[in-house]
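Following: one structure in structure tokens, then a few remarks.
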Amino acid sequence: CVTLDVQAACQDTTVTQELLKEGFHRDLLVKVELGEDAGGCAVAARMHLPPGIYVDPYELATLQQHNLTKAVLIPDVIDVEAPEYLARDLLLLLFLEPDTRRSRCFRAAVPVHARYHRPAEGTEEALVILESPEVLLCCCHRHLSAECWEPAEVDAPCSSDSTGPCQWHSTKHRPAYEESMLRVPVGLREHSSLVCALTLLTTGLCSGLILAAACKYGHFS
Amino acid sequence: GCCAAAWLLNPLPMAVSSRGNAEALVALLVLATLYWVETGSVGKAAVCYGLAVHMKIYPLTYALPIALRLRTRPRRGEGALRAGGNKAAKFTFMARLWHLFVKMLNRDVLLFGTLAGSVLAALTLAFYHLYGWEFLEHAYLYHLTRRDIRHNFSPYFYMLYLTAESKWSFALGLAAFLPQVLLLLVVSIAFYRDLAFSCFLHTTIFVTFNKVCTSQYFVWYLCLLPLVMPSIKMSWRRGVLLLFLWFIGQGLWLAPAYFLEFKGYNTFLFIWLAGLLFLLINSLIIVQIISHYQKEGQVAKKLKQR
């Protein structure tokens with residue numbers, strides 16, 4: 001019974017993520033509801049982004065400058081032009097703001113962008129699966145219950161104006177989660193031959209036209 | 001005056017510049033280079049050219065028309081040589097081509113090349129000293145290994161995207177490169193006597209047949225349009241029609257591209273077809289400009305011959 005009680009108390013922490021907008025440029029909205037009061041602790045969500053999706057570090061820097069979003073990207077150097085099969089995974093640590101309307105609720109949004117995926121055969125879309133974020137708490141002046149929270153290793157500073165020892169904590173029992181899915185349009189391999197042939201034919205024709213005009217009206221003496 | 005309005009009041013350079021691109025600066029340096037070459041100040045032209053290439057690599061393609069132009073600027077004592085040059089018509093095409101390139105190395109060309117090269121080298125060294133390897137990587141090396149297969153105006157975009165990982169990738173990349181190089185060579189040789197016109201055609205062809213083409217590249221040849229407009233004897237109606245076609249071509253591409261990028265629809269085929277159409281429209285415009293080009297000197301010559 002005791003074990004059940006502890007688990008029931010800890011499972012109250014729920015986390016949801018939502019992909020807003022459409023197309024290649026989305027907003028990732030993360031909402032967390034804690035089972036207990038945060039009590040001055042900073043709340044963050046740690047997300048593992050697959051190679052099919054990325055956060056633009058320059059865009060993030062601009063948002064942080066305007067105090068709209070606070071996040072840490074690891075690694076912080078990203079090739080924004082690379083296709084999915086040449087890109088790397090990312091780790092995003094997103095700091096959440098308290099929701100003014102509901103206590104114990106925290107939320108934040110960050111713009112994400114989809115990468116180009118390999119052309120496919122038989123399907124017009126590729127899927128990018130986003131795992132559920134991990135909820136992290138950074139507490140400096142508070143002791144969290146050891147049944148629900150355990151210390152975590154995080155590659156980011158906890159709080160800039162802390163005086164006492166600060167420690168990151170993650171939930172001991174991961175709440176039930178559902179993955180988010182992003183559909184990315186891809187080219188069709190079946191088109192390859194037609195596209196190559198017609199492209200080269202058209203460029204050949206156009207260059208021939210320009211060559212003819214240059215030879216007719218140009219001066220070659 | 002009103003030709004300058006084609007650049008100063010053109011909404012496209014305004015929109016591109018407000019996005020944070022310094023294309024207008026490079027345009028200024030390119031115009032300065034052409035101006036100094038035409039007025040005979042080879043030294044000043046070389047310095048501006050070196051600076052322009054340092055800022056953006058594309059002016060490097062102007063080296064050939066500039067060299068050909070410097071080679072044939074009238075100088076004292078060379079009148080006799082030019083009169084004798086008509087005999088070259090008897091020789092084969094290859095011999096004439098060889099004659100053209102070998103005779104390119106006159107004093108002006110060597111001065112220009114040496115000075116521009118020195119300015120570029122000095123700037124490269126200075127910035128390497130300031131920023132290290134990161135500067136070299138982002139300014140130059142990046143262009144050698146860059147693979148951007150995302151949708152853009154280029155007619156080759158879909159072909160390169162579909163074949164990015166296939167064994168034909170290199171051959172197709174080369175096949176895309178050849179028409180560009182051939183056209184640039186022929187246009188340089190055919191029109192170098194009017195440097196502004198030659199550079200305008202150069203850039204237009206370079207951008208139109210490039211493997212990647214975005215709106216900001218249009219600014220590279222639009223800045224030369226005011227210089228070229230007085231030489232193009234075209235009716236207003238024809239000019240407006242061509243301009244209209246150019247914008248229609250872009251619009252037809254932008255619509256499916258918007259649906260792909262911001263709505264997530266699979267419009268790749270439409271984008272590709274719009275890209276081909278845009279290439280056809282651009283080629284038509286280039287052919288029309290070439291066929292209506294008439295330098296004042298030529299008009300005077302024709303009047304004399306009557």
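Heavy-atom distances place no part of B:F197 under 4.5 Å from chain A, backbone and side chain included. Residue contact with chain A, scored on non-hydrogen atoms closer than 4.5 Å, involves the side chain of B:F209 exclusively. For B:I286, the part lying near chain A is the side chain, with the backbone staying farther off; criterion is any non-hydrogen pair under 4.5 Å. When heavy atoms are compared at a cutoff of 4.5 Å, B:T163 approaches chain A solely by way of its side chain, counted from C-beta outward. For chain B, no part of A:V184 is nearby; none of its heavy atoms comes within less than 4.5 Å. Both the backbone and the side chain of B:L260 come within contact range of chain A, judged by heavy atoms closer than 4.5 Å. Heavy atoms closer than 4.5 Å to chain A are found in both the backbone and the side chain of B:I290. For B:I205, the part lying under 4.5 angstrom from a heavy atom of chain A is the side chain only. For B:Y265, the part lying near chain A is the backbone, with the side chain staying farther off; criterion is any non-hydrogen pair under 4.5 Å. With a 4.5 angstrom heavy-atom cutoff, B:Q180 does not touch chain A via any of its atoms. Looking at A:R118, both its backbone and its side chain come within 4.5 Å of chain B, counting heavy atoms on both sides.
The environment of B:F177 atom CZ is sparse: at most 12 non-hydrogen atoms of other residues, nucleotides or ligands sit within 6.0 angstrom. Shown here is A:Q64, whose CD atom has more than 12 heavy atoms of other residues, nucleotides or ligands within 6.0 Å.
Looking at B:N266, its side chain never comes within 3.5 Å of a backbone N or O of A:E125 through a donor-acceptor pair.
Ranked by heavy-atom pairs shorter than 4.5 Å toward chain B, the options A:L188, A:L194, A:L205 are led by A:L188. When the candidates A:A213, A:C206, A:S192 are compared by the number of heavy-atom contacts under 4.5 Å with chain B, A:C206 comes out ahead. Contact tally against chain B (heavy-atom pairs below 4.5 Å) for A:E81, A:R26, A:H113: the top residue is A:E81. Interface remark: of the candidates A:D79, A:L86, A:L209, A:L198, A:L198 forms the most heavy-atom pairs closer than 4.5 Å to chain B. Here B:A190 is the residue among B:A175, B:A190, B:G264 with the most heavy-atom pairs under 4.5 Å with chain A. When each of B:K263, B:M159, B:R150 is scored by its heavy-atom pairs under 4.5 Å with chain A, the top score falls to B:R150. Heavy-atom pairs under 4.5 Å with chain B peak, among A:G204, A:G23, A:G218, at A:G23.
Taking NE2 of B:H292 as the start and OH of A:Y217 as the end, the distance is 7.5 Å to the nearest 0.5 Å.
A:R189 and B:L162 make their closest contact through NH1-O, 3.9 Å (heavy atoms, listed as atom of the first residue, atom of the second, distance). Nearest heavy-atom pair across A:C196 and B:L172 is SG-CD1, 4.0 Å. The two residues A:A214 and B:V187 make their nearest non-hydrogen contact at CB-CG2, 4.5 Å.
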Inset, instruction - Take B:W272 and A:T199 through the side chain to side chain donor-acceptor pair (under 3.5 Å) test and state the conclusion after the steps. - result: CA-CA 9 Å; B:W272 165 63; A:T199 304; 2.9 Å; yes
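Looking at heavy atoms from C-beta onward, A:E22 lies out of side-chain contact with B:F262 at the 4.5 angstrom threshold.
Of the N and O atoms on the side chains of B:Y192 and A:H219, not one donor lies less than 3.5 Å from an acceptor on the other residue.
Taking the six-membered ring for Trp and the full ring otherwise, the centers of B:Y161 and A:Y116 sit less than 6.0 Å from each other.
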